[in-house]
Participant: 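This is the structure I want to talk about, given as structure tokens.
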2 protein chains.
Amino acid sequence: MLSNASKYAIRAVLFLAENSSSKNKFGSKQISAALDVPQHFIAKILQKLVKSGIISSGKGPGGGFYTTPENLKKNVLDILKVIEKGDIFDECFLGLPVCGDENPCPVHDIVSKFKDALLVKFGNQDIKSFSDEVKREGTLITLKNVL
Amino acid sequence: MLSNASKYAIRAVLFLAENSSSKNKFGSKQISAALDVPQHFIAKILQKLVKSGIISSGKGPGGGFYTTPENLKKNVLDILKVIEKGDIFDECFLGLPVCGDENPCPVHDIVSKFKDALLVKFGNQDIKSFSDEVKREGTLITLKNVL
DNA sequence: AAAATAAAAGACAAATTAGTCTTTTATTAC
DNA sequence: GTAATAAAAGACTAATTTGTCTTTTATTTT
């Protein structure tokens, strides 16, 4: 459903939301190590996120990637819009060209409910709120320090 | 989540379940036309399904693919096992190497419910029952004759 | 100013998935 | 037996996704 690029992007943004600030930046190497994802690959993804205003960056010594309060007003759907080509919430699970309440595929109902729940999670709260929730509930964006 | 191959496979099996019999076979060309999927691609998929006993086939004139009552005792999960490499129900939506009730990612709960519902739909009834349900509820495996 | 650091940019390479085409084999009809 | 038909088998191409590597540019520190 999600590409690796999107998965890495979401986890990286949540990592920065929880750990970074304009005074505490993280290089692509650190992020790659923290999330256990390929360094050069995540670097390119981070560049896109910077370009679209979802995260911030600074060059040179002491530079790296970080999030500002302004960045944190974006939501996860904004991340997917930047990384993913089409609209993943629009695709039929069984591959029908169109699939809706009038023309449902055999699993449309089940998939629809799932998509709605995801849309709420990803679209109805900003990254700040999402990140707070992650911290509060103790859910994981990496297995480092756990396994 | 599903590869095109799996999507085509599920729709093809449901098509044969509803329309075929040992006396009424369908060539890969007919199936490709009915479902609007690439002919040679679906042909290779159908071969795999035959090999694994999910559908049947006959060569030569009057030959083609079809399902027997025995075939219809398989379920959709069996199709996925043949076509898909790993277990799609085992993968974390955000890409964590492991993700379970003890080590959940931020969307594990939502995704888990979806997977459970899908598993029931795909695993707890055989193709015959699934196909009957599709016919009864009027859900679609193709848009031919609809749009 | 020079050296060091780290992102930005973009060219490559590898792997996977998707899709096509040709040859072979089995079956049926004549 | 010959011709026609259609699946089986497998080689091949194309597209997409994933991942790597090198060069350039901006920033900071000394």
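Note on naming: letters A, B, ... go to the chains in the order of the sequence lines (proteins, then strands), and numbering restarts at 1 for each one.
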Participant: Establish, with yes or no, whether the OP1 or OP2 oxygen of C:dG19 is under 4.0 angstrom from a side-chain nitrogen or oxygen of B:Asn4.
Facilitator: yes

Participant: For the side chain of A:Ala5, starting at C-beta, report the closest nucleotide among D:dA11, D:dA26, D:dT18.
Facilitator: D:dT18

Participant: Go through C:dT27, C:dT20, D:dT22 for me and flag the one nearest to the B:His40 side chain.
Facilitator: C:dT20

Participant: Given atom OH of A:Tyr66 and atom P of D:dT27, what is their separation to the nearest angstrom?
Facilitator: 11 Å

Participant: Between A:Pro61 and A:Gln47, who's closer to the 5' end of DNA chain C by nearest nucleotide?
Facilitator: A:Pro61

Participant: On DNA chain D, compare the nucleotides closest to A:Pro38 and B:Lys59; which residue's is nearer the 5' end?
Facilitator: B:Lys59

Participant: Consider the side chain of A:Phe65, meaning its heavy atoms from C-beta on, and name the nucleotide among C:dA7, C:dT20, D:dA6 that approaches it most closely.
Facilitator: C:dA7

Participant: Is there a side-chain contact between B:Asp101 and B:His108 (heavy atoms, below 4.5 Å)?
Facilitator: yes

Participant: What is the distance, to the nearest angstrom, from the CD1 atom on B:Ile45 to the C1' atom on C:dT17?
Facilitator: 11 Å

Participant: In whole angstrom, what separates A:Glu84's CD from D:dT17's C1'?
Facilitator: 11 Å

Participant: Side-chain contact test, heavy atoms from C-beta onward, threshold under 4.5 Å: evaluate it for B:Pro97 versus A:Leu143 and give yes or no.
Facilitator: yes

Participant: Base, sugar-phosphate, or nothing for B:Lys85, non-hydrogen atoms under 4.0 angstrom?
Facilitator: sugar-phosphate

Participant: Verify, without hydrogens or angle tests, whether A:Ser52 (side chain) and A:Lys48 (backbone) share a donor-acceptor contact under 3.5 angstrom.
Facilitator: yes

Participant: If you count the non-hydrogen atoms of other residues, nucleotides and ligands that lie under 6.0 Å from NZ in A:Lys128, is the total more than 12?
Facilitator: no

Participant: Could you state the CD1-C1' distance from B:Ile55 to D:dA6, rounded to the nearest angstrom?
Facilitator: 14 Å

Participant: Between A:Ser57 and B:Gly58, name the one whose nearest nucleotide on DNA chain C is closer to the 5' end.
Facilitator: A:Ser57

Participant: Can you tell me how far C1' of D:dA8 sits from CZ of B:Phe41, to the nearest Å?
Facilitator: 17 Å

Participant: State, to 0.1 Å, how close A:Thr67 and A:Ile54 come at their nearest heavy-atom pair, and which atoms those are.
Facilitator: CG2-O, 4.3 Å

Participant: What nucleotide among D:dG19, C:dA9, C:dA18 has an atom nearest to a side-chain atom of A:Tyr8?
Facilitator: D:dG19

Participant: Roughly, in whole Å, what's the span from NZ in A:Lys25 to C1' in C:dA7?
Facilitator: 11 Å

Participant: For B:Ser28 and D:dA7, is the shortest distance between a side-chain N/O and OP1 or OP2 below 4.0 Å?
Facilitator: yes

Participant: Round to the nearest Å and state the distance from A:Ile42 atom CD1 to D:dT17 atom P.
Facilitator: 17 Å

Participant: Between C:dA6 atom P and A:Lys29 atom NZ, what is the distance in whole Å?
Facilitator: 9 Å

